[in-house]
Amino acid sequence: RHYIDEAVDSAQLCNAGELSPQEHYYYFAMSIHSANEIYRNNPFVRFVCVYTNWLRDAGASFEHLHRQILGIDRDSEEIVRGAELAATTPQVYEDYVAYLGDDCNYVICDNACAVAVADIGRPYPTIAIYSKSKSQRPHEHSPKEVRGFSDVVHAIHAALGPEKSLNEEWYYSPPASEMLLPWHVLIKWRNHRLAGIEGIVNIFPNEYSPMDVVEILVEKLFTLRQDGRISHLNIGDECRQSDLALHYWR
């Protein structure tokens, strides 16, 4: 649906966070099935890009909930770079999440299946959600693992709200590859237009630090959980008592 159920005007759009957790799980499962069908039916596809452009500032031609699922004949450049790191240090993504969590205190929320952290080194404020599963590809995850991963992604969308322009990008090991990569999703908050200096110095000015992102989202997540709008998750400091380890390389 394009609008929230109680909408009275066309500005009240329905984003991924306005879905129920169960609806979002179906949305996720349908996307995984569709991507896998492209691999099954087209032997020339090396990688299926799964991504969402929410609102015009994030690249959407139409401002309603939709998802792009696109088969291409080469691997993603970012995935290739990640695989090169993992080839020498298999646990590199687990170490990275531990660094963001334990050293930086950038963990936003988690459950038994996934963890969300404020990412660093991106042009826009970015939340990274990592699967804790031993499986590296979305279609290899069990329904329970997909639901748990979906619940964390859904909660982040709900906390950011429908007014913010976002990109959701999926990363995982291509089926024909022996790369060691965890399935992870980046949600990029397109909160500003480029200032002009970026192309000269490769520095991206931003008004929000990763800690700002954590504080904004943690506060909203507690309210959403209390109101029953998201599935039960560990939030903020509660995550210190949970297991943040990733298992894709074990």
Side-chain angles (χ1 to χ4, degrees), residues 4 14-29 31-32 52 54 65 93-94 96-120 125-135 138 141-164 166-172 182-189 208 210-248:
I4 60 174
C14 177
N15 80 327
E18 295 290 341
L19 302 176
S20 71
Q22 184 72 15
E23 287 175 321
H24 191 268
Y25 165 65
Y26 290 148
Y27 183 40
F28 241 56
S31 303
I32 293 169
T52 299
W54 175 250
L65 186 59
Y93 283 94
E94 182 176 43
Y96 180 59
V97 170
Y99 167 72
L100 293 178
D102 296 336
D103 294 354
C104 302
N105 198 24
Y106 288 167
V107 174
I108 298 169
C109 62
D110 85 322
N111 59 18
C113 300
V115 54
V117 293
D119 209 356
I120 57 178
T126 300
I127 298 92
I129 301 98
Y130 287 89
S131 168
K132 297 180 181 180
S133 172
K134 290 183 179 180
S135 299
H141 284 57
S142 69
K144 180 179 179 180
E145 290 172 330
V146 173
R147 174 60 193 261
F149 193 98
S150 169
D151 283 346
V152 175
V153 174
H154 170 260
I156 297 300
H157 279 297
L160 286 166
E163 301 84 8
K164 295 180 175 62
L166 306 170
N167 293 114
E168 178 185 317
E169 304 166 353
W170 291 23
Y171 298 88
Y172 56 90
W183 178 24
H184 58 288
V185 165
L186 301 183
I187 297 178
K188 298 178 178 178
W189 175 10
Y208 294 108
M211 184 52 70
D212 291 331
V213 173
V214 172
E215 291 174 353
I216 291 170
L217 295 186
V218 163
E219 180 179 359
K220 291 185 177 180
L221 286 170
F222 277 121
T223 300
L224 289 166
R225 189 176 69 181
Q226 183 176 350
D227 293 343
R229 288 192 51 205
I230 61 174
S231 295
H232 182 80
L233 304 170
N234 302 310
I235 300 171
D237 289 340
E238 295 173 352
C239 300
R240 294 177 180 274
Q241 303 170 13
S242 61
D243 180 11
L244 301 182
L246 310 184
H247 301 280
Y248 68 96

Side chain to side chain, Leu160 and Asn15, heavy atoms closer than 4.5 Å: no

Presence of salt bridge, Lys132 and Glu94, under 4.0 angstrom: no

Reference residue Ser20; test side chain to side chain contact (heavy atoms under 4.5 Å, CB included); the match among His24, Glu23, Glu18: Glu23

Closest heavy-atom pair and its distance - Ala16, Leu65: N-CD1, 3.8 Å

Any donor-acceptor N/O pair, Arg147 side chain to Tyr25 backbone, under 3.5 Å: no

Validation row: Glu145, Phe149 side chains within 4.5 angstrom (heavy atoms): no

Side-chain touch Val107/Leu100, heavy atoms, less than 4.5 angstrom: no

Pro210 to Asp119 - nearest heavy-atom pair and separation: CG-O, 3.9 Å

Chi angles and distances behind the side-chain contact (heavy atoms from CB on, under 4.5 Å) call for Arg225, Leu221: CA-CA 6 Å; Arg225 189 176 69 181; Leu221 286 170; over 6 Å; no

Smallest separation among heavy atoms of Ala155 and Leu224, with atom names: O-CD1, 4.4 Å

Pair Gln22-Tyr26, side-chain contact (heavy atoms from CB on, under 4.5 Å): steps then yes or no: CA-CA 6 Å; Gln22 184 72 15; Tyr26 290 148; 2.8 Å; yes

Spacing of Asn234 atom CG and Asp110 atom CG [to the nearest 0.5 Å]: 4.5 Å

Pairwise side-chain contact, Val214 with Asn105, heavy-atom cut-off 4.5 Å (strictly under): no

Any donor-acceptor pair under 3.5 Å from Glu238 side chain to Ile235 backbone: yes

Flag side-chain contact, heavy atom, 4.5 Å: Thr52 against Tyr27: yes

Minimum heavy-atom distance Ile127-Ala116, with the two atoms named: CG2-CB, 4.1 Å

Side chains of Ile120 and Tyr96 in contact at under 4.5 Å (non-hydrogen atoms): yes

Separation between CG of Asp151 and CD1 of Ile129, rounded to the nearest 0.5 Å: 12.0 Å

Reported NZ-to-OG distance for the pair Lys144 and Ser133, which is rounded to 0.5 angstrom: 11.5 Å

Note, Val152 side chain near Val115 side chain (heavy atom, < 4.5 Å): no

ring-ring contact (aromatic ring centres under 6.0 Å, His included), paired with His184, selected from Tyr172, Tyr248, Tyr171: Tyr171

Whether Trp54 side chain and Pro162 backbone form a donor-acceptor pair below 3.5 Å: yes

Heavy-atom side-chain contact between Trp170 and Ser31 under 4.5 Å: yes

Test side-chain contact (heavy atoms from CB on, under 4.5 Å) applied to Leu233 and Cys239, step by step: CA-CA 9 Å; Leu233 304 170; Cys239 300; over 6 Å; no

His154 (side chain) donor-acceptor with Leu19 (main chain) under 3.5 angstrom: yes

Check: Gly148 main-chain N/O paired with Asn111 side-chain donor or acceptor under 3.5 Å: yes

Neighbour count >12 (heavy atoms, 6.0 Å) for atom CD, Glu219: no

Separation of Ile216 CD1 from Tyr208 OH (nearest 0.5 Å): 5.0 Å

Interatomic distance, Thr126 atom OG1 to Leu166 atom CG [nearest 0.5 angstrom]: 10.0 Å

Straight-line distance of Ser131 OG to His247 NE2, nearest 0.5 Å: 9.5 Å

